[in-house]
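Just below is one structure, and these are the notes that go with it.
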Amino acid sequence: MSARNVVTKTEWSPADLYRRLELGEQPFVLDVRNRDEFANWKIEGRRELPTVNLPYFEILEESDGQDLSPEAWGRLVRQRLDGQLPADQPVLVVCAKGGTSALVAEGLRTQGFDAVNLEGGTKAWGDHYEIRPVLESPQLTIHQVSRPARGCLSYVVASDGQAVVIDALRHVERYEEFARARGLRITLVLDTHAHADHISGGRALADRVGAPYYLHPYDAIHPIDVLPATLSYRFLGDGQEFTIGSSRLQALHIPGHTLGNVAYLLDGRFLFSGDSIFVESIARPDLGGRADTWAPLHHRSLGRLLGLPDSTRVLPGHFSRLSEAGADGLFAATLGDLRRRNEGLRVAAGSETEFVRYILASLPVFPPQYVDIKRVNVGLTVPDEERSSELELGKNVCALAQAH
């Protein structure tokens, strides 16, 4: 089959890509990054994407040092892949920052392929944010803020012009822009715990808007280094309540994922579960290096959350796959629904012994960069932008292995 000679667009932004993935589209992905970078993290959709990794350095090696024209790039790639490129669907070309992939995509278009470049590459994809309404009423609004490529979720809750941000992600300007656009004043910044998979924006956002920042004191000690936090925070305690306009937010201390892990219950109806309950799984308890000790705590904490009404809307801190989102694009479910279909919660409803056995048999690999991210999130180190991006590369793995 010959490649079709129709090109509708030469570049997709991260937002363009996300819209297409949400619709269930399956573009063919040609990833020209190094093989180790590809093995660590690749673009995923609601359904599995046809993907091939052909590092551009390998293409250069075949050029004998010649300065390649776009046409030459396209010809070499086509010859190297020998019929693997589809003639009847878009080919999305991806590199780290979008430069080399743009050249490869241009070359493939000279060969008749509908090739498009990912604008900004995997860095821009990793830094892309989506904001979706969970609830919009005159008295209360809740918005879910996500980084789709990383599977990280955060929330903005607002009432009577006041807003609280829960689990702010690193790019804090997104929250400031959102608040300004809606005429909101951020009066409170909360973290559910000291995160290991991503750099928290909580302290930085609080500084920028002049709001208090709360963290449970048990999480203000690095669990591996056993060193106290150097950043300032206000102590968060079990049962502590906050008022946001006409709404009330209650902190529930639920140790397990971390010793200072907290969930927040809003008006008895919405549970911001942080790293405890996810849509398809539950959190891992080993990121402090003490899975045997923390798993029983995790069991008791999940039991406490399972005591809430089935109608409670669970809003998690992470997801593992885009397919976890509902038709509305939200990563959320009622507690009653999760009791039935979330394997980890079903096990948590049983005995502690069975639960601990299940946990210890289900732990994924411990990412070594998580130790450094924890250091950042308690103020022990302050990385620059390049190092921050490097630490956050790839998806989160805060859930048990069953979610992957």
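Since the model is a prediction, treat every value here as computed from it, not as a measurement.
- A 4.5 Å side-chain heavy-atom check between Val116 and Leu92 finds at least one atom pair inside the cut-off.
- The backbone N or O of Pro70 sits nowhere less than 3.5 Å from a side-chain atom of Arg109 that would complete a donor-acceptor pair.
- Partners of Tyr233 by ring-ring contact (aromatic ring centres under 6.0 Å, His included), not counting sequence neighbours, listed by chain and number: Phe235.
- Annotation: ring-ring contact (aromatic ring centres under 6.0 Å, His included) contacts involving residues 295-317, sequence neighbours excluded, comprise His298-Phe355, His299-Phe355.
- Residue pairs meeting the ring-ring contact (aromatic ring centres under 6.0 Å, His included) criterion with at least one member in residues 145-169, sequence neighbours excluded, are Tyr155-Phe272.
- In this structure a side-chain-to-backbone donor-acceptor pair under 3.5 Å is present from Arg346 to Arg340.
- Between Arg19 and Glu25 there is no salt bridge, since none of the side-chain N atoms of the basic residue sits less than 4.0 Å from a carboxylate O of the acidic one.
- Partner of Ser154 under the side chain to side chain contact (heavy atoms under 4.5 Å, CB included) criterion, chosen from Asp191, Ile131, Val145: Val145.
- With sequence neighbours excluded, no residue satisfies salt bridge (charged side-chain N to carboxylate O under 4.0 Å, His left out) with Arg234.
- A 4.5 Å side-chain heavy-atom check between Val347 and Ile282 finds every atom pair outside the cut-off.
- Between the side chain of Arg78 and the main chain of Gly107, no donor-acceptor pair closer than 3.5 Å is present.
- In terms of the side chain to side chain contact (heavy atoms under 4.5 Å, CB included) criterion, residue partners of Tyr218 (sequence neighbours excluded) are, by chain and number, His216, His253, Leu259.
- With sequence neighbours excluded, the residues forming a side chain to side chain contact (heavy atoms under 4.5 Å, CB included) with Leu380 are His222, Asp225, Leu227, Thr230, Arg375, Val378, listed by chain and number.
- Legend: residues meeting ring-ring contact (aromatic ring centres under 6.0 Å, His included) with Tyr175, ordered by chain and number and at least two apart, are absent.
- Proximity of Ile199 to Glu392: side-chain heavy atoms (C-beta onward) are separated by under 4.5 Å at one or more points.
- Open room surrounds CD on Glu71; 12 or fewer heavy atoms of other groups in view lie less than 6.0 Å from it.
- Separation of atoms CG (Leu54) and CG (Leu81) is listed at 5.0 Å; rounding is to 0.5 Å.
- Using a distance-only test at 3.5 Å, with no hydrogens or angles considered, a donor-acceptor pair links the side chain of Arg47 to the main chain of Gly24.
- A distance of 12.0 Å separates OG1 of Thr258 from CD1 of Ile221, quoted to the nearest 0.5 Å.
- Not counting sequence neighbours, Tyr18 has no partner by the ring-ring contact (aromatic ring centres under 6.0 Å, His included) test.
- Remark: the backbone N or O of Arg300 is not paired with any side-chain donor or acceptor of Arg304 at under 3.5 angstrom.
- Surrounding CD of Glu241 are more than 12 heavy atoms belonging to other residues, nucleotides or ligands, all under 6.0 Å away.
- The residues Glu390 and Arg387 are annotated as salt-bridged, a charged nitrogen and a carboxylate oxygen being separated by less than 4.0 angstrom.
- For Asp275 and His195, the side-chain atoms include no donor-acceptor pair closer than 3.5 Å.
- Within the 3.5 Å criterion, the main-chain N or O of Arg248 finds a donor-acceptor partner in the side chain of Asp267.
- A donor-acceptor pair under 3.5 Å is absent between the side-chain atoms of Glu44 and the main chain of Leu49, judged by distance alone.
- Listed by first then second residue, pairs satisfying ring-ring contact (aromatic ring centres under 6.0 Å, His included) with a partner in residues 24-58 number zero, not counting sequence neighbours.
- Remark: Ser200 OG to Ile373 CD1 distance equals 11.5 Å, nearest 0.5 Å.
- Scanning for side chain to side chain contact (heavy atoms under 4.5 Å, CB included) contacts around Ala204 gives Val172, with sequence neighbours left out.
- Under 3.5 Å, the side chains of Ser389 and Glu385 contain a donor-acceptor pair of N or O atoms.
- Put simply, CZ on Arg170 and CG on Asn377 are 11.0 Å apart, with the number rounded to the nearest 0.5 Å.
- Legend: residues meeting ring-ring contact (aromatic ring centres under 6.0 Å, His included) with Tyr370, ordered by chain and number and at least two apart, are absent.
- Counting non-hydrogen atoms of neighbouring residues, nucleotides and ligands closer than 6.0 angstrom, the CZ atom of Arg80 exceeds 12 such neighbours.
- In this structure, the separation between CG on Leu345 and CZ on Phe278 is 11.0 Å, given to the nearest 0.5 Å.
- Looking at residues two or more places apart in sequence or on another chain, you find a side chain to side chain contact (heavy atoms under 4.5 Å, CB included) between Ser246 and Gln139, Ser159, Asp160.
- Using a cut-off of 4.0 Å between Lys/Arg side-chain N and Asp/Glu carboxylate O, Asp328 and Arg132 are scored as not salt-bridged.
- Using a 4.0 Å cut-off between a side-chain N of Lys or Arg and a carboxylate O of Asp or Glu, Asp207 and Arg203 qualify as a salt bridge.
- Remark: the backbone N or O of Ser273 is paired with a side-chain donor or acceptor of Ser276 at under 3.5 angstrom.
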